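Report on the following structure.
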There are 2 protein chains.
Amino acid sequence: MAYPITFFTISTDVVLFSIRNERLEVLLVKRQGEIWKLPGGSLAVNEDLDASALRHLHEQAGLRGVYLEQLYTFGQPDRTPKNRIISVAYYALVPLQQLCLCGSSTDEKPCWFTMDNTLPASPDHSEIIAMAHRRLAAKLSYSTIALQFMPKRFTLSALQSVYEIILGETLDKRNFRKRVLSMGCIETTGEFSREGNHRPARLYRVKNPGKVEFIK
Amino acid sequence: MAYPITFFTISTDVVLFSIRNERLEVLLVKRQGEIWKLPGGSLAVNEDLDASALRHLHEQAGLRGVYLEQLYTFGQPDRTPKNRIISVAYYALVPLQQLCLCGSSTDEKPCWFTMDNTLPASPDHSEIIAMAHRRLAAKLSYSTIALQFMPKRFTLSALQSVYEIILGETLDKRNFRKRVLSMGCIETTGEFSREGNHRPARLYRVKNPGKVEFIK
DNA sequence: GCAAAAGTGTTCGAGATACACCCATGA
DNA sequence: TCATGGGTGTATCTCGAACACTTTTGC
């Protein structure tokens, strides 16, 4: 072998998205005296990459069973200030309700931030977040990934709102309903929402909750 | 830190595609006494991931200036027989002509194989190749990536042939030309091909050779 | 009865699809 | 003159885009 084998530190980092307060938000964590960063950390011996991302998400934000997908691997030698770290980045989506950040088993403090230019993350993590945002927006148009943001039962208006928030534009109600129902991925529950002074809304559920399908 | 920091071996591996003999082919290399594998190998100290992939491609297949894109990072602990290796996989495309496999500076023997179920690669590399193939086929429909297979000047029939080979279906000549010309990514050179006993074909060139654009 | 969101169909235009014949050349 | 691939236009269809009013409820 012409080159010596060298060894590297690997971390898995997760851009966790949710919809809160009519905005797309991302979760950052902070340890005492440190800056805000993405949930994530070292890959362990004999640990699968996906498992590592899920473990850090659980340890640092108390979350389980989230939808997770690999994003990209970042490895520029100078991307982190001190030692070189290869980061296998993921992005994940959680429904609007499932936001109990209670279960953090370490001293990390998790907190949600609105996706805009004021995110207090370091440059290397900002780069990851930006790519995750682009990927998410792109994937809306050719998959059913948006359903991962929905709770067990939801109204079509709520689903439309999710699309509008991520795409940053308003959609036509009738066209949206036609399109989303023709996908065949959601079904009526028979129940109604009944809140506010207006007509109750039909509640829908996802047919295959964990599954993201390609469409069109 | 609750978990000790551990160190890993990282390799970059490249699925290099080209069109040869009216087929989609992939390059594998073999060292004396070993099995066929993807070009690639250890990441070096202070070496960028992309640079590592390009370096191995140059060392093992004598190629430079190819179109390269990160595919996925594979890290299951048991994916390689002996020691665990994290593989950052890439895929790359080279034009039909640029196939001088002369410049290999190591003792690897590069060879082209038709993309089918008889590829002599190990299971872990076969998994990478399969994913690269899916990605390539998907990307045909929403980008100009196919142009990376074309030489400096080419006929529309040759380009259509590339699409047909990757998609595995025949296309209508008139509709294909309308679509590909309306993209605005290629232009006529004014020259003609003049080979075979038939009418000479107009030669085209790519407007922005290195650039893969999204379409539609 | 009024405010507020739910729910519902039709028309129109653009872009994709299907399809067949003449052209230029070499042998 | 024949074989071979190069080159071209139109009719049709499908899918997405635009668009407004009625319904049900709480107050």
Side-chain angles (χ1 to χ4, degrees), chain A residues 19 21-22 96 137-138 140-144 146 150-151 153-165 167-205 213-216, chain B residues 19 21-22 96 137-138 140-144 146 150-151 153-165 167-205 213-216:
Chain A
I19 308 280
N21 312 317
E22 306 284 300
L96 305 89
L140 267 204
S141 61
Y142 65 86
S143 81
T144 60
M150 305 317 290
R153 285 166 303 193
F154 54 89
T155 66
L156 289 183
S157 293
L159 181 58
Q160 179 173 347
S161 168
V162 166
Y163 273 83
E164 290 177 337
I165 289 164
L167 295 175
E169 58 184 330
T170 60
L171 301 173
D172 178 82
K173 203 198 320 187
R174 282 169 291 189
N175 292 336
F176 178 80
R177 284 164 187 239
K178 252 179 293 177
R179 193 157 49 85
V180 82
L181 290 175
S182 74
M183 286 180 199
C185 294
I186 63 174
E187 58 192 0
T188 57
T189 61
E191 298 166 300
F192 288 83
S193 78
R194 186 171 302 273
E195 56 183 81
N197 6 341
H198 55 80
R199 181 171 172 176
R202 234 177 258 283
L203 286 170
Y204 289 79
R205 76 168 78 89
E213 294 169 41
F214 291 87
I215 51 174
K216 246 205 322 184
Chain B
I19 309 279
N21 311 316
E22 306 284 299
L96 304 88
L140 267 204
S141 61
Y142 64 87
S143 81
T144 60
M150 306 316 290
R153 285 165 304 191
F154 54 90
T155 66
L156 289 183
S157 293
L159 181 58
Q160 179 173 346
S161 168
V162 166
Y163 273 83
E164 290 178 336
I165 289 165
L167 295 175
E169 58 183 330
T170 60
L171 302 172
D172 178 81
K173 202 197 324 187
R174 282 168 291 191
N175 293 336
F176 178 80
R177 283 163 189 241
K178 253 180 292 179
R179 193 157 50 85
V180 81
L181 290 174
S182 74
M183 286 178 197
C185 295
I186 63 174
E187 59 192 359
T188 56
T189 61
E191 299 165 300
F192 289 84
S193 78
R194 187 171 301 273
E195 54 182 81
N197 3 341
H198 54 80
R199 178 171 173 177
R202 233 176 258 282
L203 286 169
Y204 289 78
R205 76 168 77 90
E213 293 169 42
F214 291 86
I215 51 174
K216 242 202 327 182

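Throughout, protein chains are lettered first and strands after them, A, B, ... in sequence-line order, and every chain is numbered starting at 1. Remember, predicted model here, so these are calculated numbers, not experimental data.
Between the P atom of C:dA6 and the CG atom of A:L203 lies a distance of 11 Å, rounded to the nearest Å. Remark: C1' of D:dG26 and CZ of A:R199 are 15 Å apart, rounded to the nearest angstrom. When rounded to the nearest whole Å, the span between CD of A:E195 and C1' of C:dA5 equals 11 Å. At whole-Å resolution of the value, CG in B:L159 and P in D:dG7 are 13 Å apart. As a whole-Å value, the separation of A:E191 CD from C:dA6 P is 17 Å. Rounded to an integer number of Å, the gap from A:F192 CZ to D:dT25 P is 9 Å. For the pair A:D172 CG and C:dG9 C1', the computed distance is 12 Å after rounding to whole Å. Regarding A:K173, its NZ atom lies at a distance of 18 Å from the P atom of C:dT10, rounded to whole Å.
Side-chain atoms of B:K178 come within donor-acceptor range of the base of D:dT10, with a qualifying N/O pair under 3.5 Å. The base of C:dC2 lies outside donor-acceptor range of the side chain of A:N197, with no N or O pair under 3.5 Å.
Nucleic acid contact class of B:T155 (heavy atoms, under 4.0 Å, all strands): none. Nucleic acid contact class of A:S193 (heavy atoms, under 4.0 Å, all strands): none. Nucleic acid contact for B:R179: none, since no nucleic acid atom lies under 4.0 Å from a heavy atom of the residue.
Checked by atom type and distance alone, the side chain of B:T144 pairs as donor or acceptor with a backbone atom of B:E213 at under 3.5 Å. In terms of modelled atom types and a separation under 3.5 Å, the side chain of A:S182 and the main chain of A:R179 share a donor-acceptor contact. The backbone N or O of B:L203 sits less than 3.5 Å from a side-chain atom of B:T189, completing a donor-acceptor pair.
For A:R194, taking side-chain heavy atoms from C-beta onward, the closest of the listed nucleotides D:dG7, C:dC19, D:dT25 is D:dT25. Set against D:dA18, C:dT17, D:dG7, the side chain of A:N175 has D:dA18 as its closest nucleotide.
Heavy-atom distances to DNA chain C give each of A:R174 and A:A201 a nearest nucleotide, and the one nearer the 5′ end belongs to A:A201.
In this structure, A:R177 places its CZ atom where more than 12 heavy-atom neighbours from other residues, nucleotides or ligands lie under 6.0 Å away.
The phosphate of C:dA6 has OP1 or OP2 within less than 4.0 Å of a side-chain N or O from A:S157.
Using the six-membered ring where Trp is involved, A:F176 and A:Y163 have ring planes that are perpendicular, over 60° apart on the 30 and 60° scheme.
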